[in-house]
Amino acid sequence: MHYLNRRRVVQVALACAGFPWAVRSQAEELIATDPQAITLGYVADAAKVDVKKNPTYKPGQRCANCLLLTGKEGDAFRPCNVFPGKLVAATGWCRSWVKKA
Ligand code: SF4
């Protein structure tokens, strides 16, 4: 059996046993050079938002308080409805930010 296949089998077994963190690595971290990230002005650190290019940005906005962020509260990297299959930084921001109720 190929090494990666064995690794995947172990990940699935751990996930089935109640350890979902075992498959976390399947989703990639969104990087700022991703074409969609560029389109939406995504940055992993909201403190680095270019306010001239992003006039809708207000201090305090970040992925952690965005309605579109999913996943587990408190995780540093979480799924986002705007970037399927990717993980965004809780400290990040993009132009699709929507205030969480
Ligand atoms: Fe972050 Fe919200 Fe943009 Fe997703 S939509 S990257 S959670 S600001």
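When a ligand or atom number is given, it counts from 1 through the structure's own listing order.
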Self-check item: Close side-chain approach of Trp97 and Asn65, heavy atoms under 4.5 Å
Solution: yes
Quiz item: For ligand 1, does Cys80 get within less than 4.0 Å through its side chain, its backbone, both, or neither, judged by non-hydrogen atoms?
Solution: side chain
Quiz item: Side chain, backbone, both or neither: which part of Cys94 comes within less than 4.0 Å of ligand 1 when only heavy atoms are counted?
Solution: both
Quiz item: Is there an N/O/S atom in Cys66 that lies less than 2.8 Å from atom 2 (Fe) of ligand 1?
Solution: yes
Quiz item: Which atoms of ligand 1 are found less than 4.0 Å from any heavy atom of Leu68?
Solution: 5 (S)
Quiz prompt | Main-chain N/O of Tyr57 paired to Asn54 side chain as donor or acceptor, under 3.5 Å | solution = no
Quiz item: Taking everything shown except Lys53 itself, do over 12 heavy atoms lie less than 6.0 Å from its NZ?
Solution: no
Quiz prompt | Contact summary for Ala46 and Trp93, nearest pair of heavy atoms | solution = CB-CB, 3.9 Å
Quiz prompt | Atoms in ligand 1 flagged as close to Trp97, the criterion being non-hydrogen separation under 4.0 Å | solution = 8 (S)
Quiz item: Are Leu69 and Arg78 side-chain neighbours, meaning at least one heavy-atom pair lies under 4.5 Å?
Solution: yes
Quiz prompt | Ligand-residue contact atoms, ligand 1 with Val82, heavy atoms, under 4.0 Å | solution = 5 (S)
Self-check item: Nearest protein heavy atom with distance in Å, relative to atom 1 (Fe) of ligand 1
Solution: Cys63 SG, 2.3 Å
Self-check item: For atom 6 (S) of ligand 1, the protein heavy atom that lies nearest, with its residue and separation
Solution: Phe83 CE1, 3.5 Å
Quiz item: Is the closest side-chain heavy-atom distance between Thr56 and Gln61 below 4.5 Å?
Solution: no
